[in-house]
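Working notes, beginning with the structure itself.
Nothing here was measured: the structure is a model prediction, and the numbers come from that model.
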Amino acid sequence: MTATVPAATAPAATGQPLDRVDGLAKVGGRARYSAEIPLPDMAYACVVGSRVAAGRITGIDTSAARAEDGVLAVLTHETLPRIAEQPPLIPSLGGTAAPGQTFFPMQDDTVHYAGQQIALVVADTWERAQHAARLVRVSYAETPPVTTLDQGRESAYEPERIFGGWIPGRMERGDVDAGLREADVTVDATYTYAANNHNPLEASCTTAQWDGDELLLYDATQGVNATQMTVSRLLGVPMSRIRVIGHFVGGSFGSKAMIHAHPTLAAMAARAVGRPVKLFLTREQMFTSVGHREEQEQRLTLGATRDGRLTAVRHLKLSPTSHFDDWAEPSVGTSSQIYACPHYEGAYRLFRANTMTPTFMRAPGEASGMHALECSMDELAHELGLDPIELRLRNHTEVDAMTGHPWSSSGLRECYERGADRFGWAGRDPRPGTRREGDWLIGTGMATASYPVAPLANPQRARARLYADGTAVVQAATPEFGTGVATVMTQVAADGLGIGVDRCRFENGDTDLPNIAAAVGSAGVGMISAAVHSAATALRRQLVDSAVADPGSPLHGADPVRVVVRDGVMSGENASESYADLLRRTMRPDAEAVGQWNPPAHDIPYGTMTFGAQFAEVAVDADLGVVRVRRMTGAFAPGRVLNAKTARSQLMGGMLWGLGQALLEANHMHPDTGRWANASLGEYLVPVNADAPDVDVELIEVEDDVVNPLGVKGVGEIGQVGVSAAIANAVHHATGRRIRKLPITIEELI
């Protein structure tokens with residue numbers, strides 16, 4: 001007898017603010033990160049980066065480095081083996097690999113960007129490797145680099161597709177020129193953005209060990225399967241002979257989403273010296289080796305009627321890409337979707353620059369694109385004399401404005417309402433520059449937040465095993481990179497099985513476990529929970545079916561659909577039996593099931609988006625131009641919330657990152673040298689505790705039966721979206737000044 005639907009159970013853990021299950025291991029030092037894996041006879045590899053941004057290597061003198069004590073090898077383009085195949089630039093969501101760019105270093109003498117890996121020194125200690133790396137002498141035939149917007153503007157082109165080929169380079173509906181002619185009011189503003197760099201607490205690191213022709217990698221990555229697939233294709237080694245482990249990752253934010261060169265270089269170095277090799281990037285190398293958010297310019301043109309109805313939106317973006325990839329953040333995507341407007345045009349223009357390929361960075365595209373849109377909407381509201389929330393409500397749409405498909409779920413109206421109520425928006429005087437406290441001008445601003453629910457390609461899998469003592473382990477390959485995934489999946493698994501959280505354990509971060517795609521684009525919790533839920537309920541169904549079919553069970557002959565499982569006990573109308581009793585009685589040490597979830601097709605007739613609303617209060621020193629964010633409120637509708645504590649933590653982190661985007665984070669390439677100006681945490685500014693205001697997070701649960709089985713949309717990205725716009729709008733409200741550059745600096749304000 002087989003149940004047609006899962007046996008019912010009463011959820012007890014999902015949604016609860018449980019503490020992290022790995023918290024004690026982390027604070028007690030038992031959680032090992034990739035740089036902390038001790039292997040016998042370990043060697044250490046240090047990267048030598050190019051000091052020029054464009055040209056050709058005319059000579060590399062490695063003799064002094066090789067003569068140093070403890071140096072085992074110095075690899076250059078002359079000695080490093082050729083790669084077997086260069087995979088395409090796409091995220092590891094299907095059965096393909098995910099290189100950080102479609103260029104692998106040290107294959108010829110061409111230099112494409114400053115910091116490009118041109119040599120690898122391997123020694124018996126990290127200190128010796130670093131010292132010897134400084135002794136490598138390189139000569140170049142330099143050519144003038146192209147690095148900045150002004151240098152590349154004239155050579156810009158419109159790509160057919162961007163973002164690894166996923167997204168078209170142009171999107172249109174209606175007739176924007178006609179829509180602008182119909183408008184009573186127009187806003188035409190150009191926004192410029194400094195480049196941003198990833199700075200997770202843990203720098204990227206890979207430890208490689210060969211055992212014959214089998215390779216073991218310990219890698220700091222958002223997807224161990226992504227590393228496995230990429231290294232397999234680059235080295236020409238079958239995936240079955242490569243194992244990747246990444247149990248704990250010390251933050252990523254996109255820098256470890258794509259698989260860059262260092263895992264493969266570590267494997268090559270380990271093969272060359274015949275012993276395990278650890279390769280970790282220095283903080284400076286993190287600025288040149290794992291991508292970045294590109295410098296960009298966005299022009300936003302809005303047309304509207306006198307009563308605030310949008311007639312046209314035009315959103316254009318210019319940005320640099322590398323010599324080998326058509327990459328741009330998809331910044332104009334959400335501006336085509338979230339407001340009702342008959343006419344829309346969005347387009348990208350790229351120019352080839354001496355830079356590595358940019359990559360994902362938290363809220364890639366939306367963090368920058370929504371800044372331009374939401375600042376322009378605020379400017380339009382001011383021109384029309386409308387409250388900013390009222391303007392957005394007048395253009396609110398219940399469908400994806402680009403496709404006409406209804407949202408699978410929304411909650412945006414509730415985000416406006418509850419966010420405004422918690423923030424105290426109703427008492428706001430709309431006139432700029434009217435509120436003052438001593439030397440400080442006080443202003444408030446708001447913005448819409450939105451982030452697409454990413455469609456994934458490949459099936460996601462998990463395994464659940466229940467032991468005869470009633471305890472369970474559930475497994476999936478995904479790493480834990482600070483999001484709380486191990487905690488949340490323990491909750492999902494426990495409820496799926498109908499047992500207590502204390503009886504369940506989640507194992508992760510190993511390619512020997514069932515495949516899970518790289519957790520990118522806020523898709524991790526949705527796809528992993530779907531696979532874990534599928535495995536847990538499949539195992540529960542298996543055990544219930546076994547009991548009702550067994551003449552020796554008290555549940556024999558019961559309707560399996562009506563069997564409820566709670567605390568490991570299967571209960572029918574008149575009888576019950578525990579999982580443990582069933583397994584012991586039938587002499588089984590355990591039972592297991594593999595669950596699989598296939599994401600929805602890309603052409604489903606729904607728009608899938610997570611929504612929110614951001615509010616900020618700032619104080620601006622009238623004489624000095626110093627900006628202090630005093631408080632922020634964010635209201636978000638991320639579908640079902642699996643753990644309120646970890647969800648709020650992620651959203652708060654995203655909101656504070658948005659503060660950094662608005663006021664602090666900036667890097668610039670020197671136009672002559674092509675080098676980053678401030679490639680260190682001493683000079684690249686990020687928010688610290690002293691910058692952090694009061695942050696209030698409101699969660700609004702909405703039902704969604706389209707995106708995945710549990711209706712989970714994810715919170716990793718949306719916390720940042722809209723924050724910089726809310727702060728910029730608040731600065732205008734405080735001072736009457738529109739600042740259209742990010743970050744907003746003292747120099748701009750005074």
inquiry  = Can you confirm whether the side chains of Asp219 and Thr206 place a donor and an acceptor under 3.5 Å from each other?
reply    =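 Per modelled atom types, Asp219 and Thr206 side chains form a pair under 3.5 Å.
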ask   = So, Thr334 versus Glu366: side-chain donor-acceptor pair below 3.5 Å or not?
value = no
Test item: [X] side-chain N/O and [Y] main-chain N/O as donor-acceptor pair under 3.5 Å:
X	Y	value
Asn643	Gly15	no
Asp704	Val707	yes
Ser410	Trp407	no
Asp567	Val569	no
Tyr579	Arg540	no
Arg418	Ala635	no
Ser534	Ala530	no
Ser571	Ser576	no
Asp510	Ile245	no
His405	Gly607	no

Minimum heavy-atom distance [X]-[Y], with the two atoms named:
X	Y	value
Gly612	Leu412	O-CD1, 3.6 Å
Pro600	Val706	CG-O, 3.4 Å
Thr646	Gly484	CG2-CA, 4.4 Å
Ala462	Ala476	CB-CB, 4.2 Å
Leu555	Glu577	CD1-N, 4.2 Å
His262	Leu279	CB-CD2, 3.8 Å

Compare all side-chain heavy atoms of [X] with those of [Y] and state whether any distance is below 4.5 angstrom.
X	Y	value
Thr227	Val231	yes
Tyr467	Arg503	no
Ile528	Trp597	no
Leu265	Phe104	yes
Ser546	Leu582	yes
Leu235	Ile83	no
Phe253	Met361	no
Phe636	Thr610	no

Leu24, CG: over 12 other non-hydrogen atoms inside 6.0 angstrom =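 Not more than 12 within 6.0 Å, no.
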message = For Asp211, is the CG atom crowded, meaning more than 12 foreign heavy atoms sit under 6.0 Å from it?
response = no
Aromatic ring pairing Tyr33/Phe248, orientation class (parallel under 30°, perpendicular over 60°, tilted between) =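 Rings of Tyr33 and Phe248: tilted, 30 to 60°.
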message = Determine whether Leu466 and Glu592 satisfy the following criterion, side-chain contact (heavy atoms from CB on, under 4.5 Å), listing intermediate values before the conclusion.
response = CA-CA 6 Å; Leu466 186 87; Glu592 74 172 34; over 6 Å; no
Nearest-0.5 Å distance, [atom1] of residue [X] to [atom2] of residue [Y]:
X	Y	atom1	atom2	answer
Leu234	Thr264	CG	OG1	4.5 Å
Leu18	Gln491	CG	CD	4.5 Å
Arg243	Asp512	CZ	CG	4.0 Å
Arg584	Asp581	CZ	CG	5.5 Å
Gln228	Ile259	CD	CD1	11.0 Å
Cys504	Asp495	SG	CG	9.5 Å

Among His247, Gln475, Arg463, Arg465, the one residue meeting side chain to side chain donor-acceptor pair (under 3.5 Å) with Glu507 = Gln475
task = Check the pair Lys713 / Ser409 against side chain to side chain donor-acceptor pair (under 3.5 Å), numbers first and verdict last.
result = CA-CA 10 Å; Lys713 290 184 172 185; Ser409 62; 2.7 Å; yes
ask   = What do the steps show when you test Glu202 against Lys256 for side-chain contact (heavy atoms from CB on, under 4.5 Å), and what is the final call?
value = CA-CA 10 Å; Glu202 176 201 33; Lys256 299 164 186 170; 3.0 Å; yes
message = salt bridge (Lys or Arg N to Asp or Glu O under 4.0 Å) for Arg585 and Asp550? Distances and angles first, verdict last.
response = CA-CA 11 Å; Arg585 182 172 49 76; Asp550 182 1; 2.5 Å; yes
message = Checking Gln596 against Arg461 for the side chain to side chain donor-acceptor pair (under 3.5 Å) test, could you report, in this order, the C-alpha distance in whole Å, the side-chain angles of both residues, the deciding distance, and whether it holds?
response = CA-CA 4 Å; Gln596 176 172 305; Arg461 298 186 181 91; 3.0 Å; yes
key: Candidate pair Thr511 and Asn225, rule side chain to side chain donor-acceptor pair (under 3.5 Å), full reasoning   = CA-CA 6 Å; Thr511 51; Asn225 297 105; 5.6 Å; no
query = So Asp22 and Glu480, side-chain contact (heavy atoms from CB on, under 4.5 Å) or not? Walk me through it.
reply = CA-CA 10 Å; Asp22 53 7; Glu480 161 62 77; 3.5 Å; yes
task = For side-chain contact (heavy atoms from CB on, under 4.5 Å), just list the numbers for Leu215 and Val237, CA-CA rounded to whole Å, side-chain angles, deciding distance to a tenth of an Å, and then say yes or no.
result = CA-CA 9 Å; Leu215 175 62; Val237 175; 5.5 Å; no
inquiry  = Between Arg241 and Ser232, does the side chain to side chain donor-acceptor pair (under 3.5 Å) criterion hold? Intermediate values first, please.
reply    = CA-CA 9 Å; Arg241 297 191 180 278; Ser232 169; over 6 Å; no
ask   = Where do Glu703 and Arg640 land on the salt bridge (Lys or Arg N to Asp or Glu O under 4.0 Å) test, with the steps shown first?
value = CA-CA 7 Å; Glu703 291 188 14; Arg640 187 177 182 187; over 6 Å; no
